[in-house]
Number of protein chains: 2
Amino acid sequence: MKDSSTEQTILNAAITIFEKKGMAGARMQEIADEAKINKAMLHYYFRNKQQLFEAVLMSAFQKLAPQMNIIFALEIDLYEKIRRFSSSYIDFILENPYLPSFIIHELNHNPDFVTKIMSHPNKPDPKPLLRQIEAEIEAGKIKRKSPKQLVLNLLSLTIFPFVGETLLKLVLDIPDSEYKKILQERKTLIAEQFISSISV
Amino acid sequence: MKDSSTEQTILNAAITIFEKKGMAGARMQEIADEAKINKAMLHYYFRNKQQLFEAVLMSAFQKLAPQMNIIFALEIDLYEKIRRFSSSYIDFILENPYLPSFIIHELNHNPDFVTKIMSHPNKPDPKPLLRQIEAEIEAGKIKRKSPKQLVLNLLSLTIFPFVGETLLKLVLDIPDSEYKKILQERKTLIAEQFISSISV
DNA sequence: AAATGGTTTAACCAAATGGTTAACAAATGT
DNA sequence: ACATTTGTTAACCATTTGGTTAAACCATTT
């Protein structure tokens, strides 16, 4: 009988290669080598490069989505939520360093794909969080600022240091070792900074 | 005699294509078509794809660098500097929407290139700004926070909404028209938020 | 006007690349 | 045991792609 995980083996190899090189830069042979498997198997299981790629992008999004849902759905105090999110999200990216860059880059270059994900079952729904922020504003607990802008800020502060790592290290003259420390510091720093900018 | 701008015509076409598709996704023929010119001319002027690409990446960096230097070098009040930077930088990216994503993506995928830019004459130097922040801290005018973290925050808040546009619109459920407004709002909002988070 | 030297073009080439095929092996069902 | 389906492989194929070449073009010099 076949090793029942051949399909998964291929998918894992494809994830590794696609995340590192992107759709355009990845070679089918390279993925086959990574999976230690014959190239024809890629086509046997996934028909062609485009479909294999879509499976990878989907799987990447499925990894990311639950992390987003932490801030969106969880019913806890807003400040606590912000602290938990930035910390857990940074840990998550440290374990999946290519994920955000990959998703962002490929989403930018495959706008058609956005439609496909729109109807995705696990698609994060930001409404609960936005409502929570509005409620806090109405209750006079935080400053009156556009909830969407606030979430945009939080995501920017958390994700960009990873996506723009090379540019930031270059421009700010930060060596690799120090950058790692800086990212760790941000696990608490982001929440502090963010909360201090919204609390009345 | 040659049209003395042929080289520039090629470079412009290459910028257009490379910024849109990246190094791996761009085709030499496509660049030639964009320039309305024979493909062999690309090799006549730039030898090969790699060198043409490097010229494009260099030119992109040369466009970006002066925008960075606004916050780094200009000798004005810190708050004023922050206001001016976020506003002018957003305007700048709106006119060059592919620039940051392109540079970030390609820098991440060509780490060797980082070395080349390191010794670039126009390379932004963050030291003056970092010193300015330290001085303000010592003078008790702003909260004591790591200057590098602060600059990282400012850059994240400003650049990420562009780089992650597609993902953010998708995840936060923001239609295109509204997103444009949001970016405009950020021209003043970022500085407000940022300043309120550091002022004592 | 002939020679010169840089510029431009069409045709060509070799390698890389996504994809197919046909034969073979391993399970599975009867 | 045998036939059928499923999984796997090596060899092959067509197209794309980066890059080359040799001849033509054209402005300036002699």
Side-chain angles (χ1 to χ4, degrees), chain A residues 1-60 98 102 105-106 109-113 116, chain B residues 1-60 98 102 105-106 109-113 116:
Chain A
M1 191 199 43
K2 72 154 183 174
D3 176 350
S4 75
S5 72
T6 300
E7 186 169 337
Q8 194 58 48
T9 305
I10 293 175
L11 193 60
N12 288 340
I15 289 171
T16 305
I17 302 298
F18 274 130
E19 285 192 357
K20 216 179 291 179
K21 310 232 172 153
M23 165 66 172
R27 301 298 128 206
M28 292 298 267
Q29 186 59 58
E30 206 179 353
I31 294 170
D33 292 348
E34 173 76 25
K36 293 190 187 68
I37 227 172
N38 189 289
K39 180 164 70 87
M41 297 306 288
L42 306 185
H43 294 92
Y44 181 78
Y45 283 98
F46 293 91
R47 193 154 190 89
N48 57 36
K49 189 182 181 185
Q50 183 64 31
Q51 283 189 37
L52 177 55
F53 171 73
E54 291 190 6
V56 168
L57 190 46
M58 244 346 152
S59 125
Y98 290 106
F102 171 67
H105 179 78
E106 297 301 341
H109 286 74
N110 302 275
D112 47 310
F113 210 85
K116 248 173 234 171
Chain B
M1 193 202 37
K2 71 155 183 174
D3 175 351
S4 74
S5 73
T6 300
E7 186 169 336
Q8 193 59 46
T9 305
I10 293 175
L11 193 61
N12 288 340
I15 289 171
T16 304
I17 301 298
F18 274 131
E19 284 192 358
K20 216 178 291 179
K21 312 231 170 155
M23 165 66 172
R27 299 301 120 187
M28 293 298 268
Q29 186 60 57
E30 206 180 354
I31 295 170
D33 292 347
E34 173 76 24
K36 293 189 187 70
I37 227 171
N38 189 289
K39 180 165 69 87
M41 298 302 289
L42 305 185
H43 294 91
Y44 181 77
Y45 282 98
F46 293 91
R47 191 155 190 89
N48 58 34
K49 190 183 181 184
Q50 184 63 33
Q51 282 189 38
L52 176 56
F53 170 74
E54 291 190 5
V56 168
L57 190 47
M58 245 343 153
S59 126
Y98 290 107
F102 170 68
H105 179 79
E106 297 300 342
H109 287 74
N110 302 275
D112 47 310
F113 209 85
K116 250 172 230 171

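Note that the structure is predicted; figures quoted are calculated from it, not measured. Labels below follow one simple rule: chain letters A, B, ... track the order of the sequence lines, proteins then strands, and each chain is numbered from 1.
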Nearest-Å distance, [atom1] ([X]) to [atom2] ([N])?
{"X": "B:Tyr45", "N": "D:dT20", "atom1": "OH", "atom2": "C1'", "value": "18 Å"}
{"X": "A:Gln29", "N": "C:dT17", "atom1": "CD", "atom2": "P", "value": "9 Å"}
{"X": "B:Met23", "N": "D:dG18", "atom1": "CE", "atom2": "C1'", "value": "10 Å"}
{"X": "A:Met28", "N": "D:dT9", "atom1": "CE", "atom2": "C1'", "value": "16 Å"}
{"X": "B:Lys49", "N": "D:dG19", "atom1": "NZ", "atom2": "P", "value": "8 Å"}

Practice prompt. Please name the pair of heavy atoms, one in A:His43 and one in A:Asn48, separated by the smallest distance, quoted to 0.1 Å.
Written response: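 Taking every non-hydrogen atom into account, CD2-CA, 4.0 Å.
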
Response to the item:
What one should report as the nearest heavy-atom pair of A:Ala26 and A:Ile17 is CB-CG2, 3.8 Å

[X], nearest nucleotide to its side chain (from [options]):
{"X": "B:His43", "options": "C:dT7, D:dT20, C:dG18", "answer": "D:dT20"}
{"X": "A:Tyr44", "options": "D:dG19, D:dG7, C:dG18", "answer": "D:dG7"}
{"X": "A:Arg27", "options": "C:dG19, D:dG7, C:dT17", "answer": "C:dT17"}

Fill in: Beyond-backbone contact of B:Phe46 with B:Glu54, side-chain heavy atoms, under 4.5 angstrom
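They are not in side-chain contact.
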
Item to complete: Report yes if the side chains of A:Thr16 and A:Tyr98 come closer than 4.5 Å at any heavy-atom pair, otherwise no.
Response: no

Sub-3.5 Å donor-acceptor pair from the side chain of [X] to the main-chain atoms of [Y], do we have one?
{"X": "B:Lys21", "Y": "A:His109", "value": "no"}
{"X": "B:His105", "Y": "B:Glu19", "value": "no"}
{"X": "A:Glu7", "Y": "A:Tyr45", "value": "no"}

Worksheet, complete the sentence: Within residues 34-42 of chain A, the residues having a heavy atom closer than 4.0 Å to DNA chain D are A:Asn38, A:Ala40, A:Met41

Item to complete: Could you check whether B:Ala26 gets within reach of a base, just the sugar-phosphate, or nothing at all, counting any heavy atom under 4.0 Å?
Response: sugar-phosphate

Worksheet item: Run the side-chain contact (heavy atoms from CB on, under 4.5 Å) check on B:Leu57 and B:Phe18 step by step: do they pass?
Response: CA-CA 9 Å; B:Leu57 190 47; B:Phe18 274 131; over 6 Å; no

Worksheet, complete the sentence: Dot-bracket assigned to DNA chain D with the 3.5 Å Watson-Crick/G-U criterion, [ ] for crossing and | for other-strand pairs, is ||||||||||||||||||||||||||||||

Worksheet entry | More than 12 heavy atoms from other groups under 6.0 Å of CZ on B:Phe53 |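 Yes, enclosed.
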
Worksheet entry | D:dT8 phosphate, OP1 or OP2, under 4.0 Å from A:Thr6 side-chain N/O | yes

